[in-house]
Each structure stands twice: as C-alpha cells, then as structure tokens.
Amino acid sequence: MSKSYDFNLWSHYYRDYLLSNIIPFWLRYSIDTEYGGYFTCLDRYGKIFDTDKFIWLQARQVWMFAKLYQDDDLYISDDERKQWLLTAQHGIQFLEKYGRHPTSGQWYFSLTQQGEPLIEPYNIFSSIFASMAFGQMAKIDKINCEKYKEIALNTFNDIEKRRLNPKSEWNKASPISPRQLKSFALPMMMCNLAMELEHIIDKQLLQTLTQECIKEIIEQFRQIDSGLILEYINDNDGSRNDSFEGRLLNPGHGIEAMWFLLDIAERQNNKELASICIDTLLIILNYSWDDKYGGIFYFLDIEQRPLQQLEWDQKLWWVHLETLIALVKAIDHRPDKIDELVNWLNKVQKYTIDHFVDPEGGELYGYLNRQGEVLLNLKGGKWKGCYHVPRAFYLCWKTLDKISKKK
C-alpha cells in the first residue's frame with residue numbers, strides 16, 4: 001500500500017463531520033415530538049417547510065439510527081448512544097402504527113403529519129425500506145425483536161410476490177403495450193435488501209435471490225459492448241429497447257449497485273465478481289463525469305441523444321456520495337488499481353466537499369445546477385432525508401479506517 005495516501009486522515013474527516021454536524025442536524029430538527037416520526041422537509045437551516053411524511057424516508061431514518069447504535073467503535077457517550085436508540089424507536093413506532101394499509105398490509109407512500117394516508121402503496125420501495133428498518137430494529141430492540149422480525153419478513157415476502165409487477169394495480173403501463181420494460185432499480189435494491197435481512201430470511205432463499213439479481217445486473221442490464229448499465233431493458237429477453245427509457249443511463253444507480261455487489265462478492269469470496277464491479281464503476285465514472293464543470297451527470301443517453309429528463313445535467317448529492325462509497329470499497333478490494341481509484345476518489349471527494357457541504361447551515365445541499373451552483377438550498381424533502389449523507393460518511397469512515405490499518 002502506497003505511503004503517499006493518508007487514508008487515516010480522510011477517515012477522521014468523515015467521522016468528525018458525521019458525528020459533529022450531520023447527525024446533530026437531524027436530531028435537532030427532524031424529530032416530531034407531537035405526532036411521532038420525523039420531519040424531512042427542512043430548509044437550509046433546518047426549518048420545517050412541509051409536514052408530509054414519506055414512508056421510505058421515515059424507514060431510512062430508522063435504519064440509519066439503528067445502524068449507528070450498533071457500532072461500538074464510535075467513542076461517544078452512553079447518553080448519545082441512548083439518544084440514537086430512542087430516535088430509532090420513535091420512528092419505528094410511528095411506522096408500525098400508521099405506515100401500512102389495513103387490508104393489504106402494504107406500505108403507503110406518504111402520510112400526513114398525524115399519520116393519515118395520503119398516497120396509496122404504489123411504490124415497492126416504501127416496502128423495501130420498511131423491511132430494512134424493521135430488520136435493523138430486530139437486532140437492537142430485545143423486547144420487540146420477534147415482532148419486528150415478523151414484520152420485516154412479511155414485508156419481504158410481499159415484495160417477492162410483487163417483483164414481477166412492482167406497482168401492481170397502480171401500474172400505468174398498458175398490459176397489452178408492445179413495450180414492456182423492467183427497471184434496474186429493483187434488482188439493485190433486492191441485492192441490498194437480501195444482505196440487510198440475512199439474519200432473518202432463509203439461507204437458501206438468500207443465496208438464490210442474490211445469484212438471480214447478480215446475473216440480471218451483470219448479464220442483462222450491463223451492456224457487454226460498453227460496460228455501461230441501462231436503467232431499463234426489455235422485460236421478455238433483457239435486450240436493449242430503442243426508446244427514451246431504453247437508452248437511459250442513471251450513473252448513480254449503476255455506481256451504487258456496484259458497491260452493493262462488492263459487499264456480496266466479499267461475503268462469497270468472489271474475486272471475479274469484485275473485479276467486474278470495479279471495472280464497471282470506472283467505466284461509468286469515465287463516461288458520466290462532466291469534464292467542463294466537474295461532477296457526475298444525473299442522467300445520460302447511451303447513444304448521446306437528447307433526453308426527456310429536463311434535469312439531466314444537474315448534480316445530485318446522492319450520486320456523488322454513492323460514488324465515494326463505491327470508490328473506497330474498490331480501493332479496499334483492488335490495491336493493484338490504487339492509483340487510478342485514489343485519483344477518482346480525490347476528484348469526487350473534492351467536488352463533493354467544495355460544492356455540497358454547507359459549513360454554515362449544516363449537513364449537505366442536495367441539488368446543484370450543471371455549473372455546481374446551489375439550485376435548491378433545502379436539506380431534506382420528498383426525496384432527500386437522513387440516509388444517503390450519513391450512510392456515506394459512516395461507510396467511508398469505516399472503510400477508510402479499515403484500509404489505513406492494513407498499511
């Protein structure tokens with residue numbers, strides 16, 4: 001390992017900003033002490049600008065605090081650790097009480113502040129993150145452990161049933177449409193969910209599911225000629241569809257999936273899979289980096305045709321943060337590619353710190369224009385909550401600390 005790379009210094013940066021800035025921001029501003037759950041629509045300084053509650057963001061915040069609570073290497077006080085437990089319990093109780101449809105048991109998309117349903121359970125990702133949240137809570141809440149395991153498992157089983165038609169009766173596509181596409185987001189997230197619930201679901205099912213998803217991602221969505229990952233492919237045979245959707249690239253999704261698969265490769269000691277993931281990560285980065293202004297494009301067309309997404313050239317927080325996670329995990333796996341990977345880490349890290357980090361208001365901005373200027377100065381909303389930022393800083397800290405100890 002090259003001595004010119006101070007991974008320990010970087011590790012401390014992520015740890016310190018996580019514990020002194022990011023987590024305090026969400027503890028200070030997001031807790032709804034009146035009705036339960038969390039506020040996620042927060043402006044630059046943490047002021048609430050909307051009170052709707054989105055199930056996937058509620059569940060993600062539960063997951064985050066439950067995950068942090070389990071880490072014994074944080075060197076924090078017992079009072080701080082207890083606060084994290086109480087914060088996770090605060091959210092899980094709200095989810096258990098209000099989050100599910102009374103008949104189907106599926107998870108709503110959004111609720112009022114008081115917990116009344118606003119949008120039906122059309123979005124399977126509400127269920128995925130709810131299952132993850134209850135799975136984590138089953139590890140730390142001894143009193144409710146079995147109940148939370150059951151909720152996580154029942155939700156997982158429902159997700160499995162819905163995989164072929166995720167939106168079920170809320171699917172807008174015509175059943176007789178000649179363009180039946182499947183989305184990359186679902187197999188990507190199923191890989192993550194399987195790893196999250198490995199203490200709950202059947203081991204054989206876990207193995208089967210992960211292998212199915214790996215095969216789908218690597219052999220169908222990943223294009224052999226370019227190494228890029230499409231966001232949609234034909235449902236019947238996995239081929240490319242010549243349409244707006246069929247040509248769409250979502251670099252953030254492709255990169256995030258690669259670190260999910262790296263985690264699976266590590267568990268399976270699958271060096272071939274790890275090598276494919278790292279090569280794919282670098283291909284996506286080289287294709288999607290904005291050479292003129294810096295940063296990673298939000299959407300691209302694989303044939304460089306015009307896109308229907310008007311926001312295609314924006315720079316989003318989660319895309320860059322998932323890239324940082326993928327890069328540090330890749331460095332851990334491939335010391336033979338350290339120079340190329342560290343060069344990318346430096347580039348993405350500098351862009352993220354220079355443009356997204358907000359020392360004055362706290363946390364990170366979420367949305368920049370192509371030039372890297374703040375487009376929306378909110379810190380949370382319908383899509384951004386207490387998840388991508390703290391998870392990235394936590395995983396970068398832990399992985400870089402692990403790498404530094406190998407030196």
Side-chain angles (χ1 to χ4, degrees), residues 14 17-18 21-23 25-26 30 38 40-42 44 54 56-61 63-64 67 123 125-126 128-129 132 183-186 188-189 191-193 196 229 231 248-263 281 284-285 288-290 294-300 309 311-329 344-345 347-358 362-370 372 374-397 399:
Y14 286 107
Y17 198 77
L18 172 70
N21 188 302
I22 297 167
I23 295 303
F25 181 92
W26 292 100
S30 73
Y38 316 113
T40 60
C41 297
L42 306 174
R44 181 185 182 188
F54 308 95
W56 67 338
L57 295 186
Q58 301 291 309
R60 284 170 161 186
Q61 188 157 343
W63 180 91
M64 192 69 246
K67 185 75 173 177
N123 193 315
F125 298 102
S126 297
I128 287 175
F129 287 107
M132 286 171 56
S183 167
F184 177 72
L186 190 53
M188 174 189 86
M189 283 308 305
C191 285
N192 187 221
L193 180 62
E196 282 291 321
I229 292 177
E231 189 71 2
L248 185 65
L249 301 173
N250 182 335
H253 269 177
I255 290 168
E256 184 177 12
M258 290 307 99
W259 77 255
F260 289 167
L261 294 191
L262 276 175
D263 282 355
L281 161 65
I284 295 172
L285 268 175
S288 60
W289 185 260
D290 184 348
I296 301 164
F297 287 115
Y298 189 14
F299 292 113
L300 291 167
Q309 287 81 6
E311 69 277 20
W312 70 272
D313 64 349
Q314 289 178 17
K315 312 295 168 58
L316 268 67
W317 85 106
W318 70 268
V319 175
H320 294 77
L321 293 171
E322 296 306 312
T323 301
L324 290 173
I325 299 171
L327 285 167
V328 297
K329 285 179 178 285
W344 270 113
L345 179 61
K347 187 184 292 190
V348 179
Q349 194 168 240
K350 185 179 188 311
Y351 185 89
T352 301
I353 293 171
D354 288 350
H355 295 277
F356 287 105
V357 171
D358 180 13
E363 235 264 356
L364 270 69
Y365 296 117
Y367 304 88
L368 312 176
N369 63 18
R370 183 180 177 184
V374 176
L375 193 61
L376 295 171
N377 67 0
L378 56 79
K379 298 300 169 57
K382 183 178 180 178
W383 311 109
K384 184 178 187 292
C386 181
Y387 185 65
H388 283 289
V389 175
R391 182 177 72 164
F393 275 68
Y394 175 74
L395 291 177
C396 286
W397 158 39
T399 308

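Taking both residues in full, the closest heavy atoms of G252 and V319 are given as CA-CG1, 3.9 Å, listed atom of the first, atom of the second, then distance. Of all heavy-atom pairs spanning M64 and Y394, the tightest one is CE-CB, 4.4 Å. Contact record, I23 with P390: CD1-CB, 4.1 Å, taken as the closest heavy-atom pair. The two residues L261 and C191 make their nearest non-hydrogen contact at CD2-SG, 3.7 Å. Between I255 and A326, the closest heavy-atom pair is CG2-CB, 3.7 Å.
Rounding to the nearest 0.5 Å places CH2 of W344 at 9.5 Å from CG of L281. In this structure, the separation between CG on L364 and CG on D358 is 8.0 Å, given to the nearest 0.5 Å. Atom CG of L42 and atom OG1 of T40 lie 6.5 Å apart (nearest 0.5 Å). Note: K67 NZ to L395 CG = 7.5 Å, rounded to the nearest 0.5 Å. From L316, atom CG reaches atom CG of L368 across 8.0 Å, with rounding to the nearest 0.5 Å. To the nearest 0.5 Å, atoms OH (Y17) and SG (C396) are separated by 14.0 Å.
With salt bridges taken as basic N to acidic carboxylate O contacts below 4.0 Å, one links E363 and K384. No salt bridge links E256 with K329; every basic N to acidic carboxylate O contact stays at or beyond 4.0 Å.
Not a single donor-acceptor pair under 3.5 Å links the side chain of S288 to the backbone N or O of P251. A side-chain donor-acceptor contact under 3.5 Å links Q58 to the backbone of Y38. Side-chain N or O atoms of K315 include none that pairs as donor or acceptor with a backbone N or O of I296 at under 3.5 Å. Using a distance-only test at 3.5 Å, with no hydrogens or angles considered, no donor-acceptor pair links the side chain of H320 to the main chain of G295.
Ring planes of W56 and W383: perpendicular class, angle over 60° (limits at 30 and 60°). Ring geometry for H253 versus W318: interplanar angle of 30 to 60°, hence tilted.
Residues F184 and I229 form a side-chain contact, since some pair of their non-hydrogen atoms from C-beta on lies under 4.5 Å apart. You'll find the side chain of F299 reaches within 4.5 Å of the side chain of N250, heavy atoms only. Within the 4.5 Å cutoff, the side chain of I284 has no heavy atoms near those of the L249 side chain. At a threshold of 4.5 Å between non-hydrogen side-chain atoms, the residues N192 and M132 count as touching. Here the side chains of W289 and F297 are not in contact, with every heavy-atom distance at 4.5 Å or above. Contact annotation: the side chain of M189 approaches that of F125 to within less than 4.5 Å [non-hydrogen atoms, C-beta and beyond]. For the pair I325/L321, no side-chain contact is recorded, criterion being any heavy-atom separation below 4.5 Å from C-beta on. Side chains of S30 and Q61 form a contact here, defined as non-hydrogen atoms less than 4.5 Å apart.
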Test side-chain contact (heavy atoms from CB on, under 4.5 Å) applied to C41 and F54, step by step: CA-CA 10 Å; C41 297; F54 308 95; 4.0 Å; yes
Candidate pair L378 and R44, rule side-chain contact (heavy atoms from CB on, under 4.5 Å), full reasoning: CA-CA 5 Å; L378 56 79; R44 181 185 182 188; over 6 Å; no
side-chain contact (heavy atoms from CB on, under 4.5 Å) evaluation trace for W312 with L300: CA-CA 7 Å; W312 70 272; L300 291 167; 4.3 Å; yes
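Taking the six-membered ring for Trp and the full ring otherwise, the centers of Y387 and F129 sit less than 6.0 Å from each other. When ring centroids are compared, H355 and W317 stay outside the 6.0 Å threshold.
Side chain to side chain, S183 and E231 fail the donor-acceptor criterion of an N or O pair below 3.5 Å. Counted by atom type alone, W259 and E322 present one or more donor-acceptor pairs between their side chains at under 3.5 Å.
Annotation: cation-pi pair K379/Y365 present, NZ/CZ under 6.0 Å from the ring centroid and within 45° of its normal.
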